[in-house]
2 protein chains.
Amino acid sequence: MGLREKRKLERRERILAAAQELIRETGSVGLSMRALARKAEVSLATPYNLFGSKGAVLAELGLAVLKKLERKMEELRSHDPIEDLLHIAELGANTYASDPRFYRTLMAVLTASARGLHDDAISGGSVRLWQRPVEAGIRAGLLRADADSEFVARDLVITFLGVLDLWVRGVLDGEAMRTHILYAFTLALLGLSTDASRAKLLRHYRRFQRQLPREIRVVDNGLARRRARPAGEAANGGAAVAAKVRAPQAALPEGIQ
Amino acid sequence: MGLREKRKLERRERILAAAQELIRETGSVGLSMRALARKAEVSLATPYNLFGSKGAVLAELGLAVLKKLERKMEELRSHDPIEDLLHIAELGANTYASDPRFYRTLMAVLTASARGLHDDAISGGSVRLWQRPVEAGIRAGLLRADADSEFVARDLVITFLGVLDLWVRGVLDGEAMRTHILYAFTLALLGLSTDASRAKLLRHYRRFQRQLPREIRVVDNGLARRRARPAGEAANGGAAVAAKVRAPQAALPEGIQ
DNA sequence: TTCGTTTTTATAACGCGTTCAAAATAATGT
DNA sequence: ACATTATTTTGAACGCGTTATAAAAACGAA
C-alpha cells in the first residue's frame, strides 16, 4: 500500500472518529458536515470524496458498531440454544440502552437517510447470526423440525429492529425495550416449541409478560429539533416561545382510494 | 365559526390535498415545501403556521390515511377471530402494496421525520384495532387464556410496521411483504394457540413458509436521490456520472465500548 | 530533481427546511 | 362608519447537504 492509500485511510478514520465524537458531544444537533469536516481537519468536500454522502459516513460508522456488537454476540454460546437466543437479544438490548445518546442518534440518522443497515440486516450477516442458534435448537429437538431457520431468523431480526426503532423514537425506554424484545422472541419461539421446550418457554413468556409496562409514556429521546442559536449571538436570551399549533382536525381530501 | 376559522380550514385542506397530489405526481422528489406552497396557492410560511413543519403536514396526511384504512379493517369480522386477524393483516398489506409510489413515499417521509405515527401506533388506536380480535380469540378458546391481548396486539403492530418498513425501503416487494406479515402473525399466534386452533395455524404457517422468497433482492423503491435538473436548464444533458466511491474498509475508531 | 497524475482544498453556488420582522388582513369596540 | 387590536401572510434570510470549479498540494515514476 502506497503512501497515498495510507493517507486516505488515515483521513477516513479521522472522519469516522470525528463523527463518533460529534455524536457523543452534541447528539444529532451539531452533527453537520461542516462541523464534521472541521473536527476531522479536512475540507468540506473530503468526506464526500471518501464516502459519498453524510448518510454513507454514518452508515459506515453504524456498520462498524454493528459488527463489533455481533462479534460479542457470537461469543455467547452455551448448551441451550434457546437460552442463547434470549441472551443474545438481551446483550443487544443492553448494549443499545447503555448509551442512549450515542445509539439513538446514530440509529435515528441511519433510519432517516434510507439505505441503512436494514438491507444488510435482512439479507446479510445479521440473519445468519440469529440463524445459527435457531438451527441448533432444531437439531436439539427444542424447536419444530419443520421450521425454516432462515425465515425464523428474519422474523427475529425484524422484531428486534422494530422494537429498537420504538426505543430510538422515545416511545419505549431502555427497560421496556429490552423486555419487549424478549417478550416478542419468546412468543415467536413458543410457536415453534416442542414438548421438550414448551414448559420453559411458557415460564419465560409469563415472566416477560408480567414485566411489560402497560402504560406507554413517550420519553424525550433527545432528538427533537432544538433552536440552535449560532453560539456567537448570545443576545436576545431565548425568549420567543413559539405558540404550539394545534388546529381543528381537517377533513381528508378525497381520493385516497 | 368566523370567516377567519373558515379560511384557515380551507387553507389546511388545500395544503393537505396539494401534498397528496404532489406525492402522486412526483414521489418524494419534488415534495418540497416550496412546491407544496405553490400548488396550494399559499405562501411558504403558511404551512408552518398551520401545521408547524413539513413532517407535521405529512403526519396529518398519514394519520388520515391510516384512519381510513383502519375503518375498513374494522369491518372485517367473521365467526373466526384468528382468520379475522390474518384477513386484517392481508387487507393492510394489500392496501399499501396497491399504490407503492404513494405509500412508500408517505411512509418514508414519515419514518424520516420522527414523531410520526409510531407513537400512536403503539400507544394509540392501532393497538386496540388488533387487540379486539385477539380478545375474541381468547374468549373463543382459540388462544391461550393467560395471554394478554394488549401485549400481543402490540407485538403484532410492531411486526407489521417492521415488515412494512422493509417494503418501504425496497428490501421486500409487495408480495414478499404480505407473505412476511402473514408468516410473522401466524408464528406469533401459534405460540398462543390452543388445541382447538393449533392444527389450522400450523397449516397456515407451513403454507406461508412455503411462499416466502428465499432470495432477497433489493428493488428500486423510487426514493433514491435523483439529480433533479431545475427543468428550465435542459442544456448539458446529464453527462457527468459521478464515480462510485468504494474504498477499502476502514477500521473502527476505538472507544465504541 | 522534474514531470505528470491524483487528490485535497477553498470557495461559491443551489435547493432545501425553517424562522422572523414587517406588512396585510379580519375581528372588535365605539 | 371608523379606529384599534389580534392574527395571518408574506418575503427575506439562515444553516443545512450537496455539487461544481479552479488552484494548490501530494504522491509516483523517470
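Each chain gets a letter, A, B and so on, in the order its sequence line appears, and its residues count up from 1. Values below: all heavy atoms of this structure, side chains included; hydrogens, waters and symmetry mates excluded.
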Asker: With the threshold set at 4.0 Å, does a side-chain nitrogen-carboxylate oxygen contact exist between Arg38(A) and Glu41(A)?
Answerer: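 No, no charged N to carboxylate O under 4.0 Å.
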Asker: How many Å lie between CZ on Phe51(B) and P on dT18(C), as a whole number?
Answerer: 13 Å
Asker: So, are Glu150(A) and Arg154(A) salt-bridged, with charged N and O less than 4.0 Å apart?
Answerer: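 Yes, Glu150(A) and Arg154(A) are salt-bridged.
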Asker: Give one of base, sugar-phosphate or nothing for Leu36(B), where a contact means two heavy atoms less than 4.0 Å apart.
Answerer: nothing
Asker: In whole angstrom, what separates Glu41(B)'s CD from dT10(D)'s C1'?
Answerer: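 Rounded to the whole Å, the gap is 16 Å.
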Asker: Could you tell me how far apart Leu9(A) (CG) and dT8(C) (P) are, to the nearest whole angstrom?
Answerer: 12 Å
Asker: Distance check needed: dA26(C) C1' versus Glu10(B) CD, whole Å only.
Answerer: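 Distance check: Glu10(B) CD to dA26(C) C1' gives 14 Å.
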Asker: In whole angstroms, how far is the C1' atom of dT5(C) from the NZ atom of Lys8(A)?
Answerer: 13 Å
Asker: Kindly say if Arg11(B) contacts the phosphate of dT9(D), meaning a side-chain N or O under 4.0 Å from OP1 or OP2.
Answerer: yes
Asker: Let me know the distance between CZ of Arg38(A) and P of dT9(C), rounded to the nearest Å.
Answerer: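 For the pair Arg38(A) CZ and dT9(C) P, the rounded distance is 14 Å.
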Asker: Which whole-number value in Å describes the distance from Tyr48(A) OH to dT9(C) C1'?
Answerer: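 Going from Tyr48(A) (OH) to dT9(C) (C1'), I get 15 Å.
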Asker: Under 4.0 Å: is that the gap between some side-chain N or O of Asn49(B) and OP1 or OP2 of dT8(D)?
Answerer: no
Asker: Quick check for you: to the nearest 0.5 Å, what is the distance between Leu129(B) atom CG and Gln131(B) atom CD?
Answerer: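 Leu129(B) atom CG to Gln131(B) atom CD measures 10.0 Å (nearest 0.5 Å).
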Asker: Taking only the side-chain nitrogens and oxygens of Thr46(B), find out if one of them lies under 4.0 Å from OP1 or OP2 of dT10(D).
Answerer: yes
Asker: Is any side-chain N or O of Arg34(A) under 3.5 Å from a base N or O of dG17(D), one able to act as donor and the other as acceptor?
Answerer: yes
Asker: Assign each of Ser43(B) and Ala45(A) to its nearest nucleotide of DNA chain D by heavy atoms, then name whichever residue's nucleotide is nearer the 5' end.
Answerer: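 Closest to the 5' end, via its nearest nucleotide, is Ser43(B).
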Asker: Looking at Lys54(A), does any N or O in its side chain come under 4.0 Å of the phosphate oxygens OP1/OP2 on dT18(D)?
Answerer: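 No, outside the criterion.
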Asker: Inspect the contact between Glu70(B) and Lys67(B) and indicate whether a charged nitrogen and a carboxylate oxygen are less than 4.0 angstrom apart.
Answerer: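 Salt bridge between Lys67(B) and Glu70(B), a charged N being under 4.0 Å from a carboxylate O: yes.
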Asker: Give a yes/no on whether any side-chain N or O of Arg7(B) is located under 4.0 angstrom from OP1 or OP2 of dT8(D).
Answerer: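 Negative; the distance criterion is not met.
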Asker: I need the CG-C1' distance between Leu44(B) and dT8(D), as an integer number of Å.
Answerer: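 Taking CG of Leu44(B) and C1' of dT8(D), I get 14 Å after rounding.
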Asker: Is the shortest side-chain N to carboxylate O distance from Glu21(B) to Arg24(B) below 4.0 Å?
Answerer: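 Salt bridge between Glu21(B) and Arg24(B), a charged N being under 4.0 Å from a carboxylate O: no.
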